[in-house]
Amino acid sequence: MKNRKSILISLLAVLLAFSGFLPSMADAKSSNEPVSKGDFVQELVTNLGIDLQDGEVPFTDVNDELKPYFEAAIRTNIVSEDEVSESPFGVNEKVTREQAYVFLIRALNLRDSYSQVLLESYRDFKAIDSSYYAELAAAEALGLIDATNVLQPKKPLNQKEMKSIFDSLENELDFVSVIHTNDIHGRIMHNAENGELGLAKISELTNQARNENPTLLVDLGDTFHGTNYVNFNKGLAAVEAMNAMSYDAMVPGNHDFNYGQDYLLELKDKLNFPLVSANILKDGNPYLDGYNIIEKDGKKIALVGLTATDTAEKTNPAGIEGITFEDEITAAKEAVAELEGQVDSILAISHSGLETDRSIANEVEGIDVIFGGHSHDTLETPVKYEHGYVTQAFEYGKALGHTNLIFHEDQLVGVNGFLYRDGAEKTEDPEISSILQSYKVEVDREMNEVIASTNVRLDGERANVRTRETNLGNLLTDAMRNELGTDIAVTNGGGIRASIPAGEVTRNHVFTTLPFDNTLVRTTLTGEEILAALEHSVRVYPEENGGFLHVSGLTFTFDPAQPAGSRVVEVFVNGEELNVSQPYSVATNNFTAAGGDGFNMFSIENIEFDSGELLSTILIDSLQSRQDIPDVEGRIQVK
């Protein structure tokens with residue numbers, strides 16, 4: 001009878017469990033089951049939505065399943081540098097309660113530290129590892145610790161407690177996400193070979209973020225120019241796609257002026273979102289609005305635009321006549337003073353470069369985050385400085401920034417985030433893909449025409465054309481000099497944007513390599529001015545420099561051990577030593593001839609003849625002439 005009664009009770013328990021009235025035995029067991037360090041890191045990375053990517057990790061006990069989660073945790077500093085070594089991490093060890101909170105607080109990348117006084121109210125305070133005081137004090141201050149009188153810091157965390165931690169994270173903190181693009185340079189199409197996401201994938205990733213949190217989408221400049229897909233329609237393809245993606249704001253970069261200042265204002269009028277910059281003046285008056293205020297999740301957020309002061313050197317001076325670019329730090333301080341008391345958070349959307357962004361973060365109190373561009377730097381997760389955070393997402397859509405503003409009781413307490421990379425698992429937004437496809441068909445029809453062939457690869461790699469002589473630089477400058485019959489020819493490496501592979505050459509190859517609307521012009525320089533131009537060209541060597549000159553008709557040697565301005569040791573023009581007092585005719589592009597890249601020995605007033613021919617046309621004509629491709633032949637030598 002007793003056995004029969006036990007059987008009936010067991011059957012009843014099973015029925016109730018299936019009916020949802022009692023937890024199943026499996027659930028009861030899982031809620032008390034201890035959590036391993038590996039499982040907690042995996043759950044934390046998953047909870048934060050950090051993009052999983054391929055990559056090696058140093059820990060010898062991390063298996064293939066856990067590897068992408070640990071790679072993400074290392075990339076975003078959840079696992080600290082001190083813990084990164086070629087040794088076991090202890091993935092199968094039980095994670096203690098205090099260790100779990102340490103991982104959690106690291107993940108939040110908090111801006112401030114918190115007093116440990118509240119921790120001292122726990123009866124077992126002295127049981128806490130003293131090296132964890134800062135993290136646990138923060139967790140307590142932010143309401144993330146689920147405990148009353150006893151913390152039990154050394155107790156292994158169980159499944160129920162882990163769920164409680166993540167519930168507290170959701171209940172106590174508010175996240176506002178910012179998706180940010182920078183330096184796309186016209187790479188609006190997906191390109192798997194180059195790892196370029198393209199706007200359709202970027203849109204889909206943005207939509208996913210919007211489904212999780214209130215989300216802003218911003219662009220940090222150098223977007224409307226750079227590939228055939230935008231150059232052929234003067235930026236309209238990017239404008240239409242970005243409007244459909246519902247961008248919230250954009251700051252213009254130096255290359256967004258490539259079509260000229262008047263046309264940039266035409267593009268601005270076509271945008272459904274603000275184009276802002278607080279430090280651009282036209283004849284002493286603001287060229288654009290300095291900032292835009294947006295409300296998200298009940299919080300007012302200001303987006304202050306800042307454009308690089310060196311734009312005057314890095315776009316065609318003829319396109320920015322009357323425009324000045326004021327100091328970014330001064331403009332940022334003025335914007336903060338104007339916005340004080342009006343908003344909950346001030347963000348800078350900056351096309352000023354990492355060095356300037358760091359200075360703003362250290363010197364300007366009141367700007368919480370600087371979202372950067374211009375220098376093409378890669379910050380895998382936001383970096384905290386004296387007053388604010390800085391982040392930047394590489395170039396060409398090869399990375400996409402996802403940064404979270406973290407609020408506790410309406411106060412910004414932290415900024416965390418990560419970068420997305422391309423992968424087969426990432427899909428395209430069909431609406432944006434359809435918009436882009438219509439432009440692609442039109443451009444590809446013309447650009448895929450084969451116009452020449454070459455039996456060697458023409459080297460236009462960024463790192464090479466900005467630091468050394470290449471066969472492509474030699475071919476182009478030879479063609480420029482031959483076209484105008486000048487003594488010499490020079491062109492800036494920054495105007496060369498890609499290599500041309502051996503084999504059939506299409507228009508697409510040439511226009512990708514030479515995407516700018518630069519025309520061939522003639523001017524005259526004295527030997528002294530040529531020497532100054534060459535010194536300017538190599539002043540920052542071995543750093544990459546868009547102003548590094550490729551040459552024809554002359555050879556020169558420089559010594560990088562000497563100070564900038566005194567590095568060129570010898571120059572020969574057509575085999576004869578340079579005469580500093582003699583005038584020489586020079587073929588160059590209208591960007592350099594107008595003083596671009598800081599070549600102030602050139603000036604727009606001294607242009608004697610503008611052929612109106614694009615450098616791309618000059619290169620096509622040269623390739624079609626079937627002349628021999630020059631080698632790297634010692635025109636530029638390093639002593």
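- Between the side chains of Thr519 and Asp610, at least one donor-acceptor pair of N or O atoms lies under 3.5 Å.
- Comment: Glu535 does not engage Arg539 in a salt bridge, judged by the lack of any side-chain N to carboxylate O separation of less than 4.0 angstrom.
- In this structure, the side chain of Asn191 engages the main chain of Glu193 through a donor-acceptor pair within 3.5 Å.
- Judged by distance alone, the side chain of Arg468 and the main-chain N or O of Val465 form no donor-acceptor pair under 3.5 Å.
- His387 places none of its side-chain heavy atoms less than 4.5 Å from the side chain of Val364.
- Not a single donor-acceptor pair under 3.5 Å links the side chain of His536 to the backbone N or O of Asn600.
- Residue Asp219 comes nearest to Met242 through the heavy atom pair CB-CE, 3.8 Å, listed as atom of the first residue, atom of the second, then distance.
- Of the inter-residue distances, the one linking Ile496 atom CD1 with Leu615 atom CG reads 9.0 Å to the nearest 0.5 angstrom.
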Side chain to side chain contact (heavy atoms under 4.5 Å, CB included) assessment of Arg462 paired with Glu544: CA-CA 8 Å; Arg462 178 187 177 97; Glu544 293 181 17; 3.4 Å; yes
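- Minimum heavy-atom separation, Ser359 to Ile329: CB-CD1, 3.7 Å.
- Going from atom CD1 of Ile367 over to atom OH of Tyr385 covers 15.0 Å, rounded to the nearest 0.5 Å.
- The 12-atom threshold is not exceeded at CD of Glu355, counting heavy atoms of other residues, nucleotides or ligands nearer than 6.0 Å.
- Remark: side-chain polar atoms of Asp174 are not paired, donor with acceptor, to backbone N or O of Phe407 under 3.5 angstrom.
- A ring pair (Phe, Tyr, Trp, His ring centres under 6.0 Å) with His351 holds for exactly one of His376, His374, His255; it is His374.
- Between Leu405 and Phe175, the closest side-chain pair of non-hydrogen atoms is not below 4.5 Å.
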Is there a side chain to side chain contact (heavy atoms under 4.5 Å, CB included) between Glu266 and Tyr259? Walk through the geometry before answering. CA-CA 10 Å; Glu266 290 183 32; Tyr259 304 116; over 6 Å; no
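- With contacts defined as side-chain heavy-atom distances shorter than 4.5 Å, the pair Pro252/Ile280 qualifies.
- Residue His550 forms a side chain to side chain contact (heavy atoms under 4.5 Å, CB included) with just one option from Leu476, Thr470, Asn492, and that option is Thr470.
- The two residues Ile432 and Ala244 come nearest to each other via the heavy atoms CD1-CB, 3.5 Å.
- A salt bridge links Asp422 with Lys201: the closest approach of a Lys/Arg side-chain nitrogen to an acidic carboxylate oxygen falls below 4.0 angstrom.
- Within the 4.5 Å cutoff, no side-chain heavy atoms of Phe232 are placed close to those of Glu442.
- Distance check: Leu520 CG to Ser611 OG gives 4.0 Å after rounding to the nearest 0.5 Å.
- Within 6.0 Å of atom CG in Asn211, more than 12 heavy atoms from other residues, nucleotides or ligands are found, so the atom counts as buried in its surroundings.
- Exactly one of Asn589, Asn518, Thr477 qualifies for a side chain to side chain donor-acceptor pair (under 3.5 Å) with Thr491. That residue is Asn589.
- Of the charged side-chain nitrogens involved, at least one lies within less than 4.0 Å of a carboxylate oxygen, so that Arg111 and Asp368 count as a salt-bridged pair.
- Inter-residue side-chain proximity for Val390 and Gln392 is flagged as unmet; no heavy-atom pair is nearer than 4.5 Å.
- Atom CD of Glu212 has 12 or fewer neighbouring heavy atoms from other residues, nucleotides or ligands inside a 6.0 Å radius.
- Proximity of a side-chain donor or acceptor of Asn231 to a complementary backbone N or O of Gly226 within less than 3.5 Å is detected.
- In terms of modelled atom types and a separation under 3.5 Å, the side chain of Asp222 and the main chain of Asn254 share a donor-acceptor contact.
- Contact of the Leu619 side chain with the Ile500 side chain is registered, since non-hydrogen atoms from C-beta on lie closer than 4.5 Å.
- Remark: side-chain polar atoms of Asn279 are paired, donor with acceptor, to backbone N or O of Glu326 under 3.5 angstrom.
- If you check the side chains of Asn228 and Asn508, you find a donor sitting under 3.5 Å from an acceptor.
- The main-chain N or O of Leu419 is found under 3.5 Å from a side-chain atom of Gln53 such that the two form a donor-acceptor pair.
- A 4.5 Å side-chain heavy-atom check between Leu303 and Ile294 finds at least one atom pair inside the cut-off.
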Stepwise side chain to side chain contact (heavy atoms under 4.5 Å, CB included) check, Thr227 with Arg187: CA-CA 6 Å; Thr227 68; Arg187 271 71 170 181; 3.6 Å; yes
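- Counting only N and O atoms by type, the side chains of Asp357 and Ser350 include a donor and acceptor under 3.5 Å apart.
- Looking only at distances, a side-chain donor or acceptor of Lys282 sits under 3.5 Å from a matching main-chain atom of Glu321.
- When the shell of 6.0 Å around CD of Glu340 is examined, it contains 12 or fewer heavy atoms from other residues, nucleotides or ligands.
- Contact annotation: the side chain of Val510 approaches that of Val505 to within less than 4.5 Å [non-hydrogen atoms, C-beta and beyond].
- In this structure, the separation between CG on Leu52 and CZ on Arg421 is 13.0 Å, given to the nearest 0.5 Å.
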Given salt bridge (Lys or Arg N to Asp or Glu O under 4.0 Å), test Lys426 with Glu204 step by step and report yes or no. CA-CA 8 Å; Lys426 294 179 174 67; Glu204 188 64 19; over 6 Å; no
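- Of all heavy-atom pairs spanning Asn109 and Val415, the tightest one is ND2-O, 2.9 Å.
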Apply side chain to side chain contact (heavy atoms under 4.5 Å, CB included) to the pair Val239 and Leu271, showing each step before the final yes or no. CA-CA 6 Å; Val239 168; Leu271 296 173; 3.8 Å; yes
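- Among Thr223, Thr181, Asn272, the single residue meeting the side chain to side chain donor-acceptor pair (under 3.5 Å) criterion with Tyr247 is Thr181.
- Using the six-membered ring where Trp is involved, Phe325 and Phe257 have ring planes that are perpendicular, over 60° apart on the 30 and 60° scheme.
- Side-chain contact annotation: Gln261 with Tyr287, donor-acceptor N/O pair under 3.5 Å absent.
- The distance from the CG atom of Asp51 to the CG atom of Leu205 is 7.5 Å, given to the nearest 0.5 Å.
- Across Thr391 and Pro382, no two heavy atoms sit closer than the pair CB-CA, 4.2 Å.
- Remark: Thr76 OG1 to Glu71 CD distance equals 8.5 Å, nearest 0.5 Å.
- Annotation for Ala302 and Val343: closest pair CB-CG1, 4.1 Å, computed over non-hydrogen atoms.
- Of the possible donor and acceptor atoms, one in the side chain of Asn182 sits under 3.5 Å from a partner among the backbone N and O of Phe394.
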